[in-house]
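First the structure, which I've put down as structure tokens, then a few questions once you've had a look.
Both backbone and side-chain heavy atoms feed into the values below; hydrogens, waters and symmetry mates do not. Note that this is a predicted model, so its numbers are computed, not measured.
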Amino acid sequence: MIKMFNWYSFTAILILVCMNVVCNGFYLPGSYMHTYSSGEAIIVKVNSLTSIETELPFGYYTLPYCKPKDGIKKSAENLGELLMGDQIDNSPYRFRMNVSESVYLCTTTPLNEHDVKLFKQRTRDLYQVNMILDNLPAMRFAKQNGINIQWTGFPVGYNPPQTDDDYVINHLKFKVLVHEYEGSGVEIIGTGEEGLGVITETDKGKKSGFEIVGFEVVPCSVKRDPEVMLKMNMYDKIDPVNCPLELDKSQLIREQERISFTYEVEFVKSDIRWPSRWDAYLKMEGARVHWFSILNSLMVIFFLAGIVFVIFLRTVRRDLTKYEELDKEAQAQMNEELSGWKLVVGDVFREPNCARLLCVMVGDGTQITGMAVVTIVFAALGFMSPASRGMLLTGMIVLYLFLGIVAGYVGVRLWRTMKGTSEGWRSISWSVACFFSGIVFAILTVLNFLLWGSKSTGAIPISTYFILLFLWFCVSVPLTLLGGFLGTRAEAISYPVRTNQIPREIPARKYPSWLLVLGAGTLPFGTLFIELFFILSSIWLGRFYYVFGFLLVVLLLLVVVCAEVSVVLTYMHLCVEDWQWWWKAFFASGSVSVYVFLYSINYLIFDLQSLSGPVSATLYLGYSLIMAFAIMLSTGTIGFLISFYFVHYLFSSVKID
């Protein structure tokens with residue numbers, strides 16, 4: 001009776017909580033909403049300088065910009081931000097809510113040869129200054145060929161055509177869009193930079209105020225008299241200026257020149273509400289292209305599904321039905337006249353070459369596939385907003401670590417199935433834990449030496465290296481070993497037919513089998529390449545990628561295509577009496593990685609033409625190699641597991657001794 005009462009009480013409380021949620025509503029943005037009262041100070045932060053020409057980020061204060069009075073203080077960064085090269089610092093820019101003003105910051109000492117060379121180099125390499133206000137990046141609007149284009153950040157300087165002179169951006173006109181918030185009965189949950197927070201009924205009164213919903217900047221180059229500006233103090237008021245169009249009124253970069261930095265800030269009321277403030281950054285362009293990609297993939301799927309349908313219903317099922325209708329004597333006679341896939345019944349489950357490597361790659365493939373699926377599902381549901389910088393990469397790393405238990409289980413269970421014993425499972429588990437992670441770590445180490453040599457903030461700090469090593473050997477490896485142990489306790493998959501002692505000779509073919517396997521990768525690539533373009537653009541051109549709904553659909557279609565391609569190719573090889581199907585099934589779908597890497601090279605040549613320097617090209621190719629390798633393991637594992645199930649089902653229906 002007491003247990004029943006407790007259950008009803010719990011149910012009633014749960015219903016009340018759900019009703020409260022329905023009445024007030026919840027919102028899952030990227031960060032906790034902050035409201036400001038009029039005149040309240042607002043913190044402006046600066047991120048690393050970035051360029052689409054070099055892909056080498058540098059710290060904001062590597063250039064002789066004005067520094068805060070209290071000194072430079074770094075903001076707390078998560079693992080994803082560190083790996084992406086973000087370096088967020090405080091800045092001397094000081095805003096006060098609803099106070100529009102023009103302010104003087106500082107005047108530099110006379111520029112020496114090193115400063116001039118650095119300014120010119122950053123200007124010629126198209127470096128952008130990235131500022132952050134209330135977790136919103138500064139947005140700039142520019143016209144290019146008569147089309148309005150929005151960018152995040154503003155250039156360090158500019159180099160007018162037909163001249164060798166460079167001009168520095170030293171005056172910024174900020175426009176802050178604000179929305180008046182009056183506590184309108186909405187409970188808000190956030191998981192962003194400021195941590196988890198909830199605005200409740202009791203907080204609504206004190207939380208009323210103004211919320212920042214937009215942050216725009218117009219960069220200018222203004223020549224000022226340094227003698228006059230040196231008499232001023234930081235944050236003194238100055239007269240507002242219009243951005244000059246004449247070069248003689250702009251600030252030239254040259255030796256012994258003093259540069260004065262100033263800014264204006266204007267607060268403008270807006271109807272944009274706080275939950276919608278990221279819409280301006282995440283405008284989805286090319287929606288029709290995404291739909292075209294999905295329709296193209298569906299056509300490929302239906303085509304392959306038709307082939308699989310014919311194989312199963314018209315060929316395999318017909319043969320099996322005909323075989324089962326015969327009496328024992330007729331079956332014995334038919335066994336002597338078998339042809340095609342039925343001839344390899346005694347060899348189809350023979351242990352493949354390099355069985356250990358196959359088990360390791362399939363184990364790692366399940367780990368990568370699981371990480372990708374869970375990450376994209378969470379991102380599609382809105383839990384990994386771009387407002388939470390580095391959250392996507394951090395989430396992927398955490399998922400990869402904990403999915404080590406799945407990788408160890410799959411790798412060891414496949415090993416037991418092939419060998420018929422658990423002997424050597426520890427070695428398999430260690431190999432699974434170290435194979436993909438070790439290769440990625442080795443490539444990152446080489447690339448990191450290049451970044452250290454360039455003094456870029458993209459270089460992984462030594463402390464982060466030790467953190468990654470700790471996570472690898474103290475989290476991933478033990479979980480993989482645990483998964484391997486569970487794999488030894490799981491029941492081994494039994495083969496439906498016995499394997500002959502002497503292997504059957506494989507008939508000679510007119511064409512090499514690897515050619516067919518390599519060609520099969522074009523079909524999965526056809527479902528992937530359009531979305532791949534948008535992903536590469538977001539990584540290398542600094543664009544926000546937030547069409548995870550499309551990406552989830554493309555991922556599901558890719559899984560289906562990989563499965564169908566691998567099954568069809570496996571059946572084709574069995575029909576020509578080729579019983580060595582294991583690796584062919586893996587690479588039938590895994591060969592898509594070859595085309596992904598070739599497409600990455602094509603993207604580098606034709607879409608990243610501005611990328612300059614061997615270091616930048618090496619970084620691009622190194623990261624592309626990691627991506628292609630991960631795709632090979634993931635797609636290859638999908639194809640292999642489906643083919644294994646297909647072969648097991650096919651031969652479990654054959655009654656041949």
Verify the neighbour count for atom CD1 of Ile43: are there more than 12 heavy atoms of other residues, nucleotides or ligands below 6.0 Å? no
Are Asn78 and Leu82 close enough that some pair of their side-chain heavy atoms sits under 4.5 Å apart? no
Phe261/Tyr104 aromatic ring centres below 6.0 Å: no
Ignoring hydrogens and geometry, is there a side-chain-to-backbone donor-acceptor pair from Thr35 to Phe210 under 3.5 Å? no
Within 6.0 Å of OH in Tyr158, more than 12 heavy atoms from elsewhere: yes
In the structure I gave you, are the side-chain heavy atoms of Leu172 and Met131 within less than 4.5 Å of one another anywhere? yes
Modelled atom types, side-chain donor and acceptor of Tyr127 and Thr54, under 3.5 Å: yes
Walk me through whether Ser38 and Asn98 qualify under side chain to side chain donor-acceptor pair (under 3.5 Å). CA-CA 6 Å; Ser38 293; Asn98 286 332; 3.3 Å; yes
Output, in order, the C-alpha distance, side-chain angles, deciding distance and verdict of side-chain contact (heavy atoms from CB on, under 4.5 Å) for Val129 and Leu63. CA-CA 11 Å; Val129 179; Leu63 291 177; over 6 Å; no
Check: Leu528 main-chain N/O paired with Glu531 side-chain donor or acceptor under 3.5 Å: no
Look at the side chain of Asp89 and the backbone N and O of Ile72, then say whether any donor-acceptor pair between them is shorter than 3.5 Å. no
Spell out, as yes or no, whether a donor-acceptor pair under 3.5 Å connects the side chain of Arg140 to the backbone of Pro219. no
Keeping the roles fixed (side chain from Thr457, backbone from Pro57), state whether a donor-acceptor pair exists under 3.5 Å. yes
Output the distance between atom CG (Leu177) and atom CD1 (Ile272), rounded to the nearest 0.5 Å. 5.5 Å
So do the side chains of Leu49 and Thr62 get within less than 4.5 Å of each other, counting heavy atoms only? yes
Less than 4.0 angstrom from a charged side-chain N to a carboxylate O is my criterion; do Lys237 and Glu101 meet it? yes
When the ring planes of Phe174 and Phe215 are compared, do they come out parallel, tilted or perpendicular, using 30° and 60° as the limits? parallel
Hits for salt bridge (Lys or Arg N to Asp or Glu O under 4.0 Å) against Glu264, two or more places apart or cross-chain, chain-then-number order -> Lys173
Might you work through the side-chain contact (heavy atoms from CB on, under 4.5 Å) test for Leu83 and Ile397, ending with a clear yes or no? CA-CA 11 Å; Leu83 294 176; Ile397 293 172; 3.4 Å; yes
Which heavy atom in Phe141 sits nearest to a heavy atom in Met139, and how many Å separate them? CZ-SD, 3.4 Å
I want to know whether Tyr595 and Phe529 have ring centres closer than 6.0 Å. no
Measure up the Tyr60 and Tyr65 rings against each other and bin them: parallel (under 30°), tilted (30 to 60°), perpendicular (over 60°). parallel
What one should report as the nearest heavy-atom pair of Ser634 and Ile368 is CB-CG2, 4.2 Å
In Å and rounded to the nearest 0.5 Å, what is the CD1 to OH distance from Ile443 to Tyr623? 10.5 Å
Identify the two heavy atoms, one from Pro160 and one from Leu247, that lie closest to each other, and give their separation to 0.1 Å. CG-CD2, 3.8 Å
Does the pair Val553 and Phe550 meet the rule for a side-chain contact (heavy atoms from CB on, under 4.5 Å), with working shown? CA-CA 5 Å; Val553 174; Phe550 281 114; 5.8 Å; no
Would you check if Pro137 and Trp278 make a side-chain contact, meaning some heavy-atom pair closer than 4.5 Å? yes
Given 3.5 Å as the limit, does a donor-acceptor pair link the side chain of Ser100 with the main chain of Phe267, or not? yes
Any sub-3.5 Å donor-acceptor pair from Asn170's side-chain atoms to Ser260's backbone N or O? yes
How long is the span from the CD1 atom in Ile601 to the CG atom in Leu621, to the nearest 0.5 Å? 6.0 Å
Look up atom OG in Ser75 and atom CD1 in Ile132, then write down how far apart they are to the nearest 0.5 Å. 7.5 Å
Below 4.5 Å, heavy atoms only, C-beta onward: do Leu451 and Leu619 meet side chain to side chain? yes
Could you check whether any side-chain N or O of Thr123 sits under 3.5 Å from a backbone N or O of Phe119, counting only pairs where one atom can act as donor and the other as acceptor? yes
Point-to-point distance, once rounded to the nearest 0.5 Å, from OG of Ser593 to CE of Met627: 10.0 Å
Go through the steps to decide whether Tyr263 and Ser102 satisfy the test side chain to side chain donor-acceptor pair (under 3.5 Å), and finish with yes or no. CA-CA 6 Å; Tyr263 71 90; Ser102 299; over 6 Å; no
Does Leu133 form a side-chain contact (heavy atoms from CB on, under 4.5 Å) with Val176? I'd like the steps, not just the answer. CA-CA 9 Å; Leu133 180 70; Val176 181; 3.8 Å; yes
Looking at every non-hydrogen atom in both residues, tell me the closest pair between Asp125 and Glu53 and how far apart they are. O-CB, 3.6 Å
Pairwise side-chain contact, Val46 with Asn130, heavy-atom cut-off 4.5 Å (strictly under): no
Ser456 (side chain) donor-acceptor with Phe58 (main chain) under 3.5 angstrom: no
Any Leu393 side-chain heavy atom under 4.5 Å of Met84 side chain: yes
On a heavy-atom basis, the closest approach of Met234 and Pro92 is CE-CB, 4.5 Å
Is it true that a side-chain atom of Asp134 and a backbone atom of Leu136 form a donor plus acceptor pair closer than 3.5 Å? no
Tell me which one of Gln121, Arg122, Arg124 satisfies side-chain hydrogen bond (donor to acceptor under 3.5 Å, both in side chains) with Asp166. Arg124
Supply the atom-to-atom distance Leu608 CG to Glu55 CD, rounded to the nearest 0.5 angstrom. 6.5 Å
Do Leu381 and Val377 come close enough that some side-chain heavy atom pair is under 4.5 Å? yes
Pair Tyr167-Asn159, side chain to side chain donor-acceptor pair (under 3.5 Å): steps then yes or no: CA-CA 6 Å; Tyr167 297 85; Asn159 171 242; over 6 Å; no
Heavy-atom closest pair (Leu558 atom, Pro524 atom, distance to 0.1 Å) is CD1-O, 3.6 Å
Report yes or no: do His171 and Thr262 form a side-chain donor-acceptor pair below 3.5 Å? yes
Does atom CZ (Phe597) have a neighbourhood of more than 12 heavy atoms from anything else shown, all under 6.0 Å? yes
